Amino acid sequence: MLPLISAKPQHLSPPLSFHFPLFPSSPTSSLSFHPRLKNTLRLRIRSIDAAQPYDYESHLRTQHFKSQSLKIAILGFGNFGQFLAKTFSRQGHTLLAYSRTKYTDTAKSLGVTFYNNPDDLFESHPEVVILCTSILSTEKVLQTLPFQRLKRSTLFVDVLSVKEFAKTILLKYLPVEFDILCTHPMFGPESGKNSWDGLPFVYDKVRIGNEEDRISRVERFLDVFAKEGCRMVEMTCAEHDRHAAGSQFVTHTMGRVLERFGLESSPINTKGYDTLLDLVEVTAGDSFELYYGLFMYNKNAMEQLERLDMAFEAIKKELFGNLHHVYRKQLFGNADEGAEDRPKVQKLLHNGAPPSADAVKPETS
Ligand code: NAP
């Protein structure tokens, strides 16, 4: 028990009496007062309603915190939905979630209220609904959502790794009153597990109402990522897909190829090899469905896959070309000698007769 010292001023009536620990962290034995002083030591409360400066500041801080916090619903509480929830929760936002799988316990451990159906979730009137469903399932999910239960001003955000497709289906299925923000946090549970500092966050304000509160709500949402140090990049969905096919899709493809190849760590790993092992680790955590979505729903992906294929063939050709050269050298001494020998070969071909002037002309290419 902490030592308590009665602070009851004599003139106050019983309901207004208080007990304060004088030195809450000190053990009782360390307090020794002169017996006469003990009787006279009373904490006098002179004013009970004057706001102390620190109270005022913390009050302002709480108010600011509340005004910045959002009520966010996460649809699709799988790998990426849970990953985002951790940061949203740490920043003090109110979180709700719905998924076809029941994640009640996981949600609870992350401070998220889990709903078993989207109707109940939408009736809680989240300010922001964030779609974290797989690329392949999102259109189907959108077709079944009870939008009529939401407020007319709700902000819809998606995090799909392909953006033109996401924009098209959101514009197609969402009521016109809803705001739409297309985003792509270009990191995941592996690459962003320690920090989001410096990691790219791409967004496109596809449809945001003119009202001040709608504009400020989008900014507050974007601020979640800016506060974590993300590199905020505003660009159109089409631009994103062009860049992402050349970077993200190629990264995932190489990671999967190397995984199939079966890279193994060795006692003499070089830095380059460690980078490859890291690449396999980062991409292996993502579902095949995600990777397939990157291919299916980004029209630039096929071209990149073909370029990769051609590049691989070109490298093989170059290697085998050099090998051919070495082989010829072994057969003929060296390649140039081989060229000098050519008229002789042609001579042989002409049954010992001297070749015509045309036949011995040196090759020009
Ligand atoms: P994912 O395999 O792309 O998606 C899994 C999520 O989709 C789960 O919540 C799952 O719900 C839901 N889902 C799948 N099929 C469904 C269906 N038929 N009906 C309803 N829900 C369905 O893996 P993910 O990594 O969690 O990615 C989620 C989204 O985030 C994707 O759009 C992805 O492009 C995007 N993203 C991912 C990363 C990343 O690094 N992982 C990074 C940026 C953006 P249940 O779990 O309830 O089955």
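The first residue of the sequence shown is numbered 1, and numbering continues consecutively from there. Whatever order the structure lists ligands and atoms in, that order sets their numbers, starting from 1. It should be emphasised that the depicted structure is a prediction, and the values quoted were computed from it without experimental measurement.
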**Q.** Sub-4.5 Å side-chain heavy-atom contact between L155 and F178
**A.** no
Q) Identify the closest protein heavy atom to atom 19 (N) of ligand 1: which residue and atom is it, and at what distance? A) R100 CD, 3.8 Å
Q. Step by step, would you call S161 with Y297 a side-chain hydrogen bond (donor to acceptor under 3.5 Å, both in side chains)?
A. CA-CA 9 Å; S161 309; Y297 292 96; over 6 Å; no
Q | Non-hydrogen atom of Q82 closer than 4.0 Å to ligand 1 | A | no
Q | 4.0 Å heavy-atom contact, E190 with ligand 1 | A | no
Q | Region of Y103 engaging ligand 1 - heavy atom pairs below 4.0 Å | A | side chain
Q | Sub-4.0 Å atoms of ligand 1 with respect to non-hydrogen atoms of V141 | A | 19 (N), 20 (C)
Q. Would you call the rings of Y291 and F288 parallel, tilted or perpendicular if under 30° counts as parallel and over 60° as perpendicular?
A. perpendicular
Q) Does S109 use its side chain to pair, donor to acceptor, with the backbone of T106 at less than 3.5 Å? A) yes
Q) Which part of L136 is near ligand 1, with near meaning a heavy atom under 4.0 Å away: side chain, backbone, both or neither? A) neither
Q: Could you find the nearest protein heavy atom to atom 30 (O) of ligand 1 and give me its residue, atom name and distance?
A: F80 CD2, 3.5 Å
Q | Taking atom 9 (O) of ligand 1 as the reference point, the nearest protein heavy atom with its distance | A | G78 N, 3.0 Å
Q) Which atoms of ligand 1 have any heavy atom of F187 under 4.0 Å away? A) 40 (O), 42 (C), 43 (C)
Q.
Within the structure, is a non-hydrogen atom of C132 found at a distance of less than 4.0 Å from ligand 1?
A. yes
Q: Examine the proximity of ligand 1 to D286 and report which part, side chain or backbone, both or neither, has a heavy atom under 4.0 Å away.
A: side chain
Q.
Any heavy atom of G285 closer to ligand 1 than 4.0 angstrom?
A. no
(Q) What I want to know is whether H184 and ligand 1 share at least one N or O pair that is separated by under 3.5 angstrom. (A) no
(Q) Test of understanding: given a 4.0 Å heavy-atom threshold, classify the contact between S287 and ligand 1 as side chain, backbone, both, or neither. (A) side chain
Q.
I want to confirm something. Looking only at heavy atoms, which of S137, S191, A166, S161 is nearest to atom 16 (C) of ligand 1?
A. S137
